[in-house]
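Inspection log for the structure reproduced underneath, given as structure tokens.
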Amino acid sequence: MGGIFSKKGASGFSASSTAEEVAEGIDATGLTAIVTGASSGIGVETSRVLALRGVHVVMAVRNKDAGTNVKEAILKEIPEAKIDVMELDLSSLASVRKFAADFKYLDLLLNILINNAGIMATPFKLSQDNIELHFATNHLGVIFLTDLLLETMKSTSRERKTEGRIVNVSSLGHRYGYREGFCFDKINDESRYHRYYAYGQSKLANILHANELTRRLKEERPEVTANSLHPGTILTNLLRYDGFLKCILKVLGIFISKTVQQGAATTCFVALHPQLKGVGGKYFVDCNIAKPSSQAKDADLATRLWDFSLSLTNAK
């Protein structure tokens with residue numbers, strides 16, 4: 001990706017910047033990060049670059065075999081890398097609860113939580129907890145996981161005098177949810193289901209979650225920040241349910257899509273770069289602060305979504 005896409009923003013980086021480039025020179029030795037969805041797509045590259053910079057990476061994956069294969073590939077390139085693989089299915093609240101308990105049992109620090117895993121444009125389906133699958137996987141599992149690990153991040157920040165960072169991988173798709181916005185009483189209504197709108201709604205939730213978390217964290221004043229981002233258009237396994245869109249992107253990809261290395265750049269930038277010390281509640285595109293939709297800036301909606309979501313997790 002070059003030409004107009006190479007124009008650098010205020011951060012000094014652009015759409016064509018790679019994850020390695022944005023993390024170059026950063027010594028993150030001693031930090032620990034959880035990366036969800038780390039066995040495919042930009043999750044792999046995010047894990048690799050974090051490990052390259054000295055981060056102890058905990059790969060949270062649905063398929064442990066796939067995760068182990070990625071770990072071995074990274075170790076082959078970076079023999080000194082510290083990597084663990086743990087099982088996590090974000091669509092299951094029981095799995096999220098078990099993952100958090102298992103992680104705490106390891107008594108590890110937690111400096112960075114990258115909520116990267118997600119699904120896109122799936123046929124209508126309910127999760128094990130009877131929640132529409134996009135909402136369950138892309139949002140509910142994310143807010144529950146973050147909530148369960150937040151005290152660990154706060155204590156790590158206090159003890160080590162380091163800033164904790166929570167990174168929600170959202171999407172430009174957050175602009176294209178249901179026309180009427182969130183219909184809290186119709187989340188599981190199959191009759192109104194549209195797979196792209198459901199995806200967009202869940203990605204809007206990622207931004208609102210980061211914003212509301214930022215508001216609450218500022219009241220407590222711990223050294224933990226939360227931000228969201230759009231990684232760019234990338235041909236990854238996320239498109240496995242949409243062959244038509246995948247074909248379109250393959251044809252137009254040379255003009256509009258990023259490589260996986262470029263796609264992971266904004267995540268690594270938000271997770272590691274010293275420019276962002278103390279920055280929270282922002283939405284990033286191409287490694288620069290950007291403007292999300294007006295809905296994504298609705299503080300009342302963010303608070304309502306927070307309360308609604310945690311009420312669902314508490315009820316299960």
Side-chain angles (χ1 to χ4, degrees), residues 33-43 46 58-62 86-101 103 110 112-120 122 127-129 131-153 164-171 173-174 177 182 184 187 198-217 224-231 238 266-267 270-271 280-281 283-284 292 296 301-316:
I34 292 173
V35 182
T36 68
S39 62
S40 65
I42 63 174
T46 299
V58 178
M59 299 172 57
V61 298
R62 282 187 301 174
M86 295 177 65
E87 187 172 350
L88 171 64
D89 179 357
L90 282 168
S91 72
S92 163
L93 295 178
S95 178
V96 173
R97 193 177 287 110
K98 183 178 185 305
F99 174 88
F103 180 82
L110 183 57
I112 302 166
L113 172 59
I114 299 178
N115 292 311
N116 167 77
I119 59 172
M120 177 181 178
T122 68
S127 70
Q128 295 176 22
D129 304 294
I131 306 293
E132 188 278 313
L133 200 59
H134 284 96
F135 194 79
T137 306
N138 295 356
H139 169 64
L140 200 61
V142 169
I143 193 173
F144 191 37
L145 178 67
T146 304
D147 189 56
L148 291 174
L149 295 174
L150 193 55
E151 285 306 316
T152 303
M153 295 195 73
R165 295 189 181 184
I166 297 164
V167 183
N168 282 359
V169 179
S170 180
S171 168
H174 81 273
F182 272 94
F184 292 94
I187 290 290
Y199 173 73
Q201 176 176 256
S202 69
K203 295 289 99 179
L204 173 61
N206 292 154
I207 302 176
L208 292 169
H209 168 221
N211 293 352
E212 178 66 9
L213 182 55
T214 295
R215 185 185 70 78
R216 291 168 184 259
L217 287 169
V224 179
T225 64
N227 292 289
S228 57
L229 64 93
H230 167 54
L238 191 65
T266 305
T267 302
V270 176
Y283 171 69
F284 291 81
L301 179 59
T303 300
R304 189 180 175 199
L305 175 64
W306 178 282
D307 293 339
F308 174 75
S309 301
L310 289 183
S311 72
L312 289 178
T313 65
N314 292 333
K316 301 299 180 183

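The structure presented is a predicted model; accordingly, all values stated were derived computationally and were not measured.
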Using atom types as modelled and distance alone, determine if a side-chain donor or acceptor of Thr137 lies under 3.5 Å from a backbone N or O of Gly118.
no
State the CG-OG distance between Leu140 and Ser91, to the nearest 0.5 angstrom.
10.5 Å
Between Val224 and Leu217, what is the shortest heavy-atom contact and its length?
O-CD1, 3.4 Å
One pair to check against side chain to side chain contact (heavy atoms under 4.5 Å, CB included): Met59 and Val35. What are the steps and the verdict?
CA-CA 5 Å; Met59 299 172 57; Val35 182; 5.8 Å; no
With a 4.5 Å heavy-atom cut-off, do Leu312 and Phe135 have their side chains touching?
yes
I'd like to check the side chain to side chain contact (heavy atoms under 4.5 Å, CB included) partners of Arg304; sequence neighbours left out, ordered by chain and number.
Phe184
Measuring from atom CG of Leu305 to atom CZ of Phe182, what distance do you get when rounded to the nearest 0.5 angstrom?
5.0 Å
For Leu88, does its backbone N or O pair with a side-chain atom of Lys98 as donor and acceptor, under 3.5 Å?
no
Heavy-atom side-chain contact between Asn168 and Ile207 under 4.5 Å:
no
Residues 141-153 side chain polar contacts: donor-acceptor under 3.5 Å, at least two apart:
residue : atom : partner : partner atom : Å
Thr146  : OG1  : Asn115  : ND2          : 3.2
Thr146  : OG1  : Val142  : O            : 2.8
Glu151  : OE2  : Lys154  : NZ           : 3.3

Where is the tightest heavy-atom contact between Ala117 and Asn138, given as atom of each residue plus distance?
O-OD1, 4.5 Å
Ser228 and Asn206 have their tightest heavy-atom pair at CB-O, 4.4 Å
Approximate separation, where rounding is to 0.5 Å, of Ser171 OG and Leu204 CG:
11.0 Å
Expected output: side-chain Asn227 to main-chain Gly281 donor-acceptor under 3.5 Å:
yes
If only atom types and distance count, is the side chain of Asn116 paired as donor or acceptor with the main-chain N or O of Gly37 below 3.5 Å?
yes
Give the minimum heavy-atom separation between His209 and Trp306, together with the two atoms involved.
CD2-CZ3, 3.8 Å
Closest heavy-atom pair and its distance - Glu132, Ile187:
CB-O, 3.4 Å
Go through the steps for Arg165 and Val270 under the test side chain to side chain contact (heavy atoms under 4.5 Å, CB included), then give the verdict.
CA-CA 8 Å; Arg165 295 189 181 184; Val270 176; 5.9 Å; no
Could you tell me the separation between the CD1 atom of Ile119 and the OH atom of Tyr199, rounded to the nearest 0.5 Å?
10.0 Å
So, does Asp129 use its side chain to make a donor-acceptor pair with the main chain of Ala136 at under 3.5 Å?
no
Nearest 0.5 Å please: distance from the CD1 atom of Ile112 over to the OG1 atom of Thr267.
11.5 Å
About how many Å separate CD of Glu212 and CG of Asp307, when rounded to the nearest 0.5 Å?
7.5 Å
Nearest heavy-atom neighbours spanning Ala226 and Leu213
CB-CD2, 3.9 Å
Side chain proximity check, Leu90 to Ser95, heavy atoms < 4.5 angstrom
no
